[in-house]
**Q** 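Before I ask anything, here is the structure I am working with.
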Amino acid sequence: MGQTADPNHISKKKQYYPVTEQLARYLREYDRAAPLPITYQDLLHFTDAYPLYDRWGHDTLWQTVVYDQGQMHEIYEGLTRIYVQLKSGGNESLMEQLSVQRVDYCTFGNSNPFRIRIVNLLNDNYDYFYFKKADASRIYGLELEHVLSPNRINYLVHGGSLIEEHIAGIPGDEFIKHYLGRPNLNKVRLAKEFVKFNERCFALLLGDMRSYNYVVAVTPDFEEEQYRVRPIDFDQQTYEGRKTMYLPQYFKDNNPIVALCMKWLQPETMKQYQNEERTLLFRRIRAARYRLKDLIDCMRQDTISTPEKVRQLREELARHHGLDEFLLCRSMGDIVRLQLKLMVRHL
């Protein structure tokens with residue numbers, strides 16, 4: 001792992017790829033598909049919006065949207081039903097105690113998501129979920145994360161709409177800014193987790209893990225704290241052509257954590273943690289081999305990037321691994337399949 005300036009170029013506006021019938025069958029088979037009372041397009045019919053500021057008065061780049069009174073009841077009821085479906089399998093007896101408190105819209109980035117804040121009226125506890133356009137590459141990222149990472153992802157798909165649960169944690173950019181210098185931070189544990197996160201992203205070819213696209217989940221332990229780095233944005237699942245896009249260590253806004261890794265971990269220790277992550281990945285592959293095969297089979301037949309990016313990535317990975325077999329890959333799904341195979345081959 002080395003500390004470098006960010007050499008990467010991310011496509012300014014990523015193309016959306018529709019859900020194919022083969023992927024739709026996979027989603028139905030593994031309980032990811034569900035009918036929804038409203039769609040992403042319905043949420044776009046807001047009549048007004050105003051900037052949302054955080055507790056310190058900074059612009060969050062989200063806008064709180066307002067709907068016409070005639071639409072608001074239908075939209076809010078639909079959002080409540082979706083939340084119950086996502087969290088409780090559609091048990092509508094819970095709806096009476098839930099209320100939509102706010103709908104926010106983000107115009108920054110590619111996905112333009114809606115974030116819904118929903119509150120429990122009995123105790124004022126609140127939660128979030130996200131409403132996005134269904135993009136095949138993002139769905140593959142969510143599913144690979146669910147199957148092959150230590151994390152579980154809850155989401156639903158219907159037509160052109162994608163519902164994602166909120167992933168709790170401290171946003172990476174906020175963690176670097178406000179937490180990295182704290183005296184009680186266990187620097188070795190954090191460094192270990194970032195090394196493993198870096199390895200996992202490269203194995204799954206999940207790209208664009210700059211600091212605002214992941215969170216750090218902090219868990220108090222009987223001795224100090226434990227950390228886990230979790231991606232929260234899956235827009236760049238096997239989409240870009242540059243190999244460095246899939247290694248978080250190369251993004252310049254991650255440099256403070258990369259520097260911490262280099263200071264507190266010896267190269268031999270980093271290799272140990274990389275090997276640990278590959279071993280866990282191998283076990284997850286074996287445990288979920290039938291589901292993973294179904295997913296990769298869909299992915300290999302699907303189009304989730306441009307031919308130019310497919311060619312660039314297979315050539316760069318062929319050089320990286322010293323394996324010309326990558327040059328035979330015809331799709332991003334072929335590349336993911338071979339990448340996973342190689343990452344666990346020498347265990």
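All heavy atoms count here, side chains included; hydrogens, waters and symmetry mates do not.
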**Q** Quick one: do the Tyr239 and Asp208 side chains pair a donor with an acceptor below 3.5 Å?
**A**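 Per modelled atom types, Tyr239 and Asp208 side chains form no pair under 3.5 Å.
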
**Q** Is Glu29 paired with Arg291 through a side-chain N to carboxylate O contact shorter than 4.0 Å?
**A**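 So Arg291 does not pair with Glu29 through a salt bridge.
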
**Q** Are side-chain N/O atoms of Gln272 and Glu276 paired as donor and acceptor at under 3.5 Å?
**A**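 Distance-only check passes for Gln272 and Glu276.
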
**Q** Is there a path of hydrophobic side-chain contacts, each under 4.5 Å between heavy atoms of I, L, V, M, F, W or Y residues, that connects Leu247 with Leu342?
**A**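 Looking at the clustering, Leu342 is in the same group as Leu247.
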
**Q** Determine the interplanar angle of the Phe326 and His321 rings, folded into 0 to 90°, and report it as parallel if under 30°, tilted if 30 to 60°, perpendicular if over 60°.
**A**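 Rings of Phe326 and His321: parallel, as their planes differ by under 30°.
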
**Q** Tyr128 and Tyr126: aromatic ring centres closer than 6.0 Å?
**A**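 Centroid separation for Tyr128 and Tyr126: below 6.0 Å.
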
**Q** Could you walk me through whether Tyr40 and Phe114 pass the side-chain contact (heavy atoms from CB on, under 4.5 Å) test, one step at a time?
**A** CA-CA 8 Å; Tyr40 178 89; Phe114 286 91; 3.7 Å; yes

**Q** Decide whether Leu162 and Leu86 are clustered together by the hydrophobic rule: side chain heavy atoms of Ile, Leu, Val, Met, Phe, Trp, Tyr closer than 4.5 Å, transitively.
**A** no

**Q** Is the shortest side-chain heavy-atom distance between Leu204 and Leu281 below 4.5 Å?
**A**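 Yes, their side chains come closer than 4.5 Å.
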
**Q** Find the distance between CG (Asp233) and CD1 (Ile167) and round it off to the nearest 0.5 Å.
**A** 9.5 Å

**Q** Going through the checks in order, is the side-chain contact (heavy atoms from CB on, under 4.5 Å) test met by Met299 and Val336?
**A** CA-CA 9 Å; Met299 202 175 187; Val336 170; 3.8 Å; yes

**Q** What salt bridge (Lys or Arg N to Asp or Glu O under 4.0 Å) pairs are there with at least one residue in residues 73-84, not counting sequence neighbours?
**A**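 Every pair satisfying salt bridge (Lys or Arg N to Asp or Glu O under 4.0 Å) with a residue in residues 73-84: Glu77-Arg81, Arg81-Glu92.
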
**Q** Can you tell me if Thr20 uses its side chain to pair, donor with acceptor, with the backbone of Leu23 under 3.5 Å?
**A**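 Yes, because the side chain of Thr20 sits within donor-acceptor range (under 3.5 Å) of the backbone of Leu23.
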
**Q** Counting only heavy atoms not in Gln266 (residues, nucleotides, ligands), do more than 12 fall under 6.0 Å from its CD?
**A**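 Count not over threshold, so no.
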
**Q** Heavy atoms, side chains only, cut-off 4.5 Å: are Arg200 and Pro150 in contact?
**A** yes

**Q** Calculate, to the nearest 0.5 Å, the distance between atoms CG and CD1 belonging to Leu328 and Ile335 respectively.
**A** 11.0 Å

**Q** Within this structure, what is the CD1-CD1 distance for the pair Ile139 and Ile153, rounded to the nearest 0.5 Å?
**A**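 Reported value, rounded in 0.5 Å steps: 13.0 Å.
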
**Q** Identify whether the distance between the nearest side-chain nitrogen and carboxylate oxygen of Arg189 and Glu225 falls below 4.0 Å.
**A**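 So Arg189 does not pair with Glu225 through a salt bridge.
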
**Q** Taking atom types as modelled, is there a side-chain donor on Asn151 or Glu145 under 3.5 Å from an acceptor on the other?
**A** yes

**Q** Quick check on the 6.0 Å ring-centre criterion: do Tyr30 and His146 meet it?
**A**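 No; His146 has its ring centre 6.0 Å or more from that of Tyr30.
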
**Q** Go through the steps for Arg138 and Asp235 under the test salt bridge (Lys or Arg N to Asp or Glu O under 4.0 Å), then give the verdict.
**A** CA-CA 5 Å; Arg138 185 183 304 120; Asp235 284 347; 2.5 Å; yes

**Q** Do Arg228 and Arg230 have side chains that approach each other closer than 4.5 Å (heavy atoms only, starting at C-beta)?
**A** yes

**Q** Got more than 12 heavy atoms from elsewhere within 6.0 Å of CD, Glu21?
**A**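 Enclosed.
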
**Q** When you compare the side chains of Tyr155 and Glu143, does any donor N or O come within less than 3.5 Å of an acceptor on the partner?
**A** yes

**Q** Say you draw a straight line from OG of Ser305 to CZ of Arg311; how long is it, rounded to the nearest 0.5 Å?
**A**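 Spacing of OG (Ser305) from CZ (Arg311) equals 10.5 Å.
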
**Q** With rounding to the nearest 0.5 Å, note down the distance linking NE2 in His166 to CD1 in Ile232.
**A** 8.0 Å

**Q** Take Gln339 and Leu317 through the test side-chain contact (heavy atoms from CB on, under 4.5 Å) and record every step on the way to the result.
**A** CA-CA 8 Å; Gln339 174 78 345; Leu317 288 177; 4.1 Å; yes

**Q** Using the ring centroid of each side chain, check whether Phe194 and Tyr227 are separated by less than 6.0 Å.
**A** no

**Q** Check whether any side-chain heavy atom of Lys14 lies under 4.5 Å from a side-chain heavy atom of Asp135, and answer yes or no.
**A**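 Yes, side chains in contact.
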
**Q** Provide the closest heavy-atom pair for Ile296 versus Leu144 in the form atom of the first, atom of the second, distance.
**A**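 Scanning both residues completely, I find the closest heavy atoms to be CD1-CD2, 4.4 Å.
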
**Q** Taking atom NE2 as the centre, does His178 end up with more than 12 heavy-atom neighbours from other residues, nucleotides or ligands that are less than 6.0 angstrom away?
**A**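 Enclosed: over 12 neighbouring heavy atoms sit under 6.0 Å from NE2 of His178.
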
**Q** Is there a path of hydrophobic side-chain contacts, each under 4.5 Å between heavy atoms of I/L/V/M/F/W/Y residues, joining Leu340 to Leu205?
**A** yes

**Q** Measuring only between side-chain heavy atoms, which start at C-beta, is Leu190 closer than 4.5 Å to Leu185?
**A** yes

**Q** Hydrogens and angles aside, do Tyr214 and Asn254 bring a side-chain donor and acceptor to less than 3.5 Å of each other?
**A**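 Yes - a donor-acceptor pair under 3.5 Å links their side chains.
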
**Q** Under 6.0 Å from the CZ atom of Arg286, do we count more than 12 heavy atoms belonging to anything else shown?
**A**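 Count not over threshold, so no.
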
**Q** Check the pair Val195 / Thr269 against side-chain contact (heavy atoms from CB on, under 4.5 Å), numbers first and verdict last.
**A** CA-CA 10 Å; Val195 168; Thr269 307; over 6 Å; no

**Q** Same cluster or not: Met270 versus Tyr246, using hydrophobic residues (I, L, V, M, F, W, Y) connected whenever any side-chain heavy atoms lie under 4.5 Å apart?
**A**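 In one cluster with Met270: Tyr246, yes.
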
**Q** Look at Arg284 together with Glu277 and state whether they make a salt bridge at an N to O cut-off of under 4.0 Å.
**A** yes

**Q** Decide yes or no for Leu52 and Arg115: does some side-chain heavy atom of the first lie under 4.5 Å from some side-chain heavy atom of the second?
**A**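 Yes, their side chains come closer than 4.5 Å.
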
**Q** With respect to Tyr105, which candidate in Tyr130, Trp62, Phe46, Tyr67 satisfies the ring pair (Phe, Tyr, Trp, His ring centres under 6.0 Å) definition?
**A** Phe46

**Q** Side chains of Phe129 and Ile163: does their closest heavy-atom pair fall under 4.5 Å?
**A**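 With C-beta onward as the side chain, the pair touches.
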
**Q** Could you please spell out the steps behind the salt bridge (Lys or Arg N to Asp or Glu O under 4.0 Å) verdict for Asp127 and Arg117?
**A** CA-CA 6 Å; Asp127 194 8; Arg117 176 169 166 143; over 6 Å; no

**Q** How about Ser161 and Lys132: does a side-chain donor come under 3.5 Å of a side-chain acceptor?
**A**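 Side chains of Ser161 and Lys132: no pair found under 3.5 Å.
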
**Q** For residues Tyr250 and Pro248, determine if any side-chain heavy atom of one lies less than 4.5 Å from a side-chain heavy atom of the other.
**A** no

**Q** Between Thr64 and Asp104, is the side-chain hydrogen bond (donor to acceptor under 3.5 Å, both in side chains) condition met? List the steps.
**A** CA-CA 4 Å; Thr64 297; Asp104 302 324; 2.8 Å; yes

**Q** Do you see a donor-acceptor pair shorter than 3.5 Å between the side chains of Asn198 and Gln249?
**A** yes

**Q** Should Asp334 and Arg300 count as an ion pair when the cut-off is N to O under 4.0 Å?
**A**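 A salt bridge links Asp334 with Arg300.
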
**Q** Checking Asp297 against Tyr26: is there a side-chain donor and acceptor pair closer than 3.5 Å?
**A**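 Side chains of Tyr26 and Asp297: no pair found under 3.5 Å.
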
**Q** Could you state the interatomic distance from CD (Gln237) to CD1 (Ile304), rounded to the nearest 0.5 Å?
**A** 6.5 Å

**Q** Does Arg337 have more than 12 heavy atoms from other residues, nucleotides or ligands lying within 6.0 Å of its CZ?
**A**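 Open: at most 12 neighbouring heavy atoms sit under 6.0 Å from CZ of Arg337.
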
**Q** With no hydrogens and no angle check, do the side chains of Asp173 and Ser211 hold a donor and an acceptor under 3.5 Å apart?
**A**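 Note: Asp173 and Ser211 side chains miss the donor-acceptor criterion.
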
**Q** Quick one: do Ile116 and Leu36 end up in the same hydrophobic cluster if we chain Ile, Leu, Val, Met, Phe, Trp and Tyr together by side-chain heavy atoms under 4.5 Å apart?
**A**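 In one cluster: yes.
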
